[in-house]
S.K.: 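To start, I am sharing the structure in question, which I have written as structure tokens.
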Amino acid sequence: KPEITILELGEGDSHGNDHTAKIGGELHMEVDVIAEGKIDYIQVRIHPEGEHEEEGEHEEWELDTTYTKFAGLKNTTFHEHVEIDASAEAGEYHFDFIVTDMEGNQSSAEAELQIIEN
């Protein structure tokens with residue numbers, strides 16, 4: 001199975017590692033991946049934890065992105081930024097990082113993420 005080590009997760013501007021990101025800003029992710037069976041694809045998922053404050057009928061902000069540009073590599077340092085939508089609510093989120101190799105093996109790493117007001 002692929003091995004995953006989350007090195008940094010934080011505000012995009014500062015390349016921080018405090019597990020926070022600002023609404024309307026970017027989340028910086030730096031993750032080491034070792035995959036003996038060679039990487040097929042990498043998924044990043046972010047979803048809200050628990051109850052969020054805002055009332056009314058609205059869609060909660062989530063992210064589910066698949067990266068294929070690392071396909072065929074045995075190991076890599078994944079360094080990407082994703083935008084935190086301006087419609088996201090401040091609060092606690094769950095970060096999932098999933099690697100699937102070309103042999104069908106899958107591993108995941110997770111972390112808590114705090115999205116804060118800009």
Side-chain angles (χ1 to χ4, degrees):
K1 285 188 163 189
E3 296 174 34
I4 302 167
T5 306
I6 298 174
L7 302 173
E8 294 178 352
L9 189 63
E11 181 58 40
D13 293 341
S14 62
H15 285 137
N17 189 31
D18 60 1
H19 291 231
T20 65
K22 293 178 185 167
I23 295 170
E26 289 185 337
L27 172 66
H28 155 76
M29 302 170 286
E30 189 161 309
V31 183
D32 269 350
V33 177
I34 299 172
E36 290 298 320
K38 295 185 181 171
I39 297 167
D40 188 8
Y41 60 91
I42 295 172
Q43 282 180 284
V44 172
R45 294 181 185 155
I46 301 171
H47 58 88
E49 285 280 16
E51 297 291 320
H52 281 243
E53 298 298 316
E54 201 170 300
E55 292 182 22
E57 298 288 322
H58 70 285
E59 201 58 39
E60 286 192 305
W61 178 80
E62 295 186 354
L63 178 82
D64 189 346
T65 303
T66 301
Y67 296 85
T68 56
K69 69 183 187 180
F70 301 96
L73 298 177
K74 248 187 171 175
N75 54 36
T76 191
T77 297
F78 176 96
H79 181 165
E80 296 290 327
H81 289 216
V82 292
E83 192 173 308
I84 305 298
D85 196 272
S87 69
E89 286 183 56
E92 292 180 18
Y93 286 75
H94 191 81
F95 172 85
D96 287 311
F97 188 91
I98 304 151
V99 178
T100 303
D101 70 15
M102 293 184 165
E103 297 173 0
N105 299 309
Q106 193 174 74
S107 293
S108 65
E110 55 190 53
E112 297 306 313
L113 177 66
Q114 191 75 26
I115 295 184
I116 59 175
E117 298 286 340
N118 195 350

S.K.: Under a 4.0 Å N-O cut-off, is there an ion pair linking Glu117 with Lys22?
M.R.: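 Lys22 and Glu117: not salt-bridged.
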S.K.: For the aromatic rings, using the six-membered ring if either is Trp, is the centroid distance between Phe70 and Tyr41 under 6.0 Å?
M.R.: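 That pair fails the under 6.0 Å test.
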S.K.: Would you say the side-chain atoms of His15 and Glu8 include a donor-acceptor pair closer than 3.5 Å?
M.R.: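 Result is no, nothing qualifies.
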S.K.: Using modelled atom types and a 3.5 Å cut-off, is there a donor and acceptor pairing between side-chain atoms of Asn17 and backbone atoms of Leu9?
M.R.: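 Checking the backbone N and O of Leu9 against the side chain of Asn17, a donor-acceptor pair under 3.5 Å is found.
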S.K.: Going by heavy atoms in the side chains, are His47 and Asp96 under 4.5 Å from each other?
M.R.: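 Yes. Closest side-chain heavy atoms under 4.5 Å.
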S.K.: How many angstroms lie between CD1 in Ile84 and CD1 in Ile116, if you round to the nearest 0.5 Å?
M.R.: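 Ile84 atom CD1 to Ile116 atom CD1 measures 10.5 Å (nearest 0.5 Å).
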S.K.: Check whether any side-chain heavy atom of Gln43 sits under 4.5 Å from a side-chain heavy atom of Tyr67, and report yes or no.
M.R.: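 When only atoms from C-beta onward are counted, Tyr67 and Gln43 do not touch, as no gap falls below 4.5 Å.
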S.K.: Looking only at heavy atoms, which two atoms of Ala88 and Ile23 are closest? And how far apart?
M.R.: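 For Ala88 and Ile23, the tightest heavy-atom pair comes out as O-CD1, 3.2 Å.
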S.K.: Report yes if the side chains of Asp101 and Ile39 come closer than 4.5 Å at any heavy-atom pair, otherwise no.
M.R.: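 They are not in contact (no side-chain heavy atoms under 4.5 Å apart), so the answer is no.
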S.K.: Using side-chain heavy atoms (C-beta onward) and a distance below 4.5 Å, is Glu11 in contact with His28?
M.R.: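 Sidechains of His28 and Glu11: no contact.
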S.K.: Do Val99 and Met102 belong to the same hydrophobic cluster, where Ile, Leu, Val, Met, Phe, Trp and Tyr are linked whenever their side-chain heavy atoms lie under 4.5 Å apart, directly or via other members?
M.R.: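 No, separate clusters.
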S.K.: Atom CD in Glu83, atom OG1 in Thr65: separation rounded to 0.5 Å?
M.R.: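 These two atoms lie 11.0 Å from each other.
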S.K.: Could you tell me whether the side chain of Val31 reaches within less than 4.5 Å of the side chain of Leu7, counting heavy atoms only?
M.R.: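 A side-chain contact is absent here, since even the closest heavy-atom pair is not under 4.5 Å.
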S.K.: Taking only residues two or more places apart in sequence, or in another chain, which ones meet Asp13 in a side-chain hydrogen bond (donor to acceptor under 3.5 Å, both in side chains)?
M.R.: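 Here no residue qualifies.
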S.K.: Identify whether the distance between the nearest side-chain nitrogen and carboxylate oxygen of Asp64 and Arg45 falls below 4.0 Å.
M.R.: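 Answer for the salt bridge query: yes.
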S.K.: For the atom pair OG1 (Thr76) and CD1 (Ile42), what is the distance rounded to the nearest 0.5 Å?
M.R.: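 One gets 6.5 Å once the value is rounded to the nearest 0.5 Å.
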S.K.: Is the side chain of His19 donor-acceptor paired with the backbone N or O of Glu112 at a distance under 3.5 Å, no angle test?
M.R.: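 Judged by distance alone, yes, a pair lies under 3.5 Å.
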S.K.: Over all heavy atoms of both residues, which pair between Ser107 and Pro2 is shortest? Give the atoms and the distance, please.
M.R.: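 Looking at all heavy atoms of both residues, the closest pair is OG-O, 2.6 Å.
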S.K.: Give the C-alpha distance, both sets of side-chain angles, the deciding distance and a yes or no for side-chain contact (heavy atoms from CB on, under 4.5 Å) between Glu92 and Gln114.
M.R.: CA-CA 5 Å; Glu92 292 180 18; Gln114 191 75 26; 3.2 Å; yes
S.K.: Could you pull out all residues at least two apart from Glu80 that satisfy side-chain hydrogen bond (donor to acceptor under 3.5 Å, both in side chains)?
M.R.: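 With neighbours one apart ignored, the set is Lys69.
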S.K.: Does a donor on one side chain sit under 3.5 Å from an acceptor on the other, for Gln106 and Thr100?
M.R.: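 Side-chain D/A pair, Gln106 to Thr100: present.
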S.K.: List the steps, then state whether side-chain contact (heavy atoms from CB on, under 4.5 Å) holds for Val44 with Leu63.
M.R.: CA-CA 7 Å; Val44 172; Leu63 178 82; 4.3 Å; yes
S.K.: Would you check if Val33 and Glu3 make a side-chain contact, meaning some heavy-atom pair closer than 4.5 Å?
M.R.: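 The answer is no, as the side chains (C-beta and beyond) never meet within the 4.5 Å cut-off.
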S.K.: To the nearest 0.5 Å, what is the distance between OH (Tyr93) and CD1 (Ile46)?
M.R.: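 CD1 of Ile46 is found 9.5 Å from OH of Tyr93.
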S.K.: Would a 4.5 Å heavy-atom cut-off, applied to side chains only, mark Met29 and Phe78 as touching?
M.R.: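 Yes. Closest side-chain heavy atoms under 4.5 Å.
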S.K.: Is there a path of hydrophobic side-chain contacts, each under 4.5 Å between heavy atoms of I, L, V, M, F, W or Y residues, that connects Trp61 with Leu113?
M.R.: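 Yes; tracing contacts between hydrophobic side chains, which count when under 4.5 Å, links both residues.
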S.K.: For residues Ile6 and Ala109, report the shortest heavy-atom separation together with the two atoms involved.
M.R.: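 Residues Ile6 and Ala109, closest heavy atoms: CD1-CB, 3.9 Å.
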S.K.: Shortest non-hydrogen contact from Glu26 to Ala21?
M.R.: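 Where Glu26 meets Ala21 most closely, the heavy atoms are O-CB, 4.2 Å.
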S.K.: Between Glu49 and His94, do the side chains contain a donor N or O and an acceptor N or O under 3.5 Å apart?
M.R.: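 Their side chains do contain a donor-acceptor pair, which is all the 3.5 Å distance test asks for.
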S.K.: Do Asp32 and Thr77 have a side chain donor and acceptor closer than 3.5 Å?
M.R.: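 Yes, because at least one side-chain N or O of Asp32 sits under 3.5 Å from a partner of the opposite role on Thr77.
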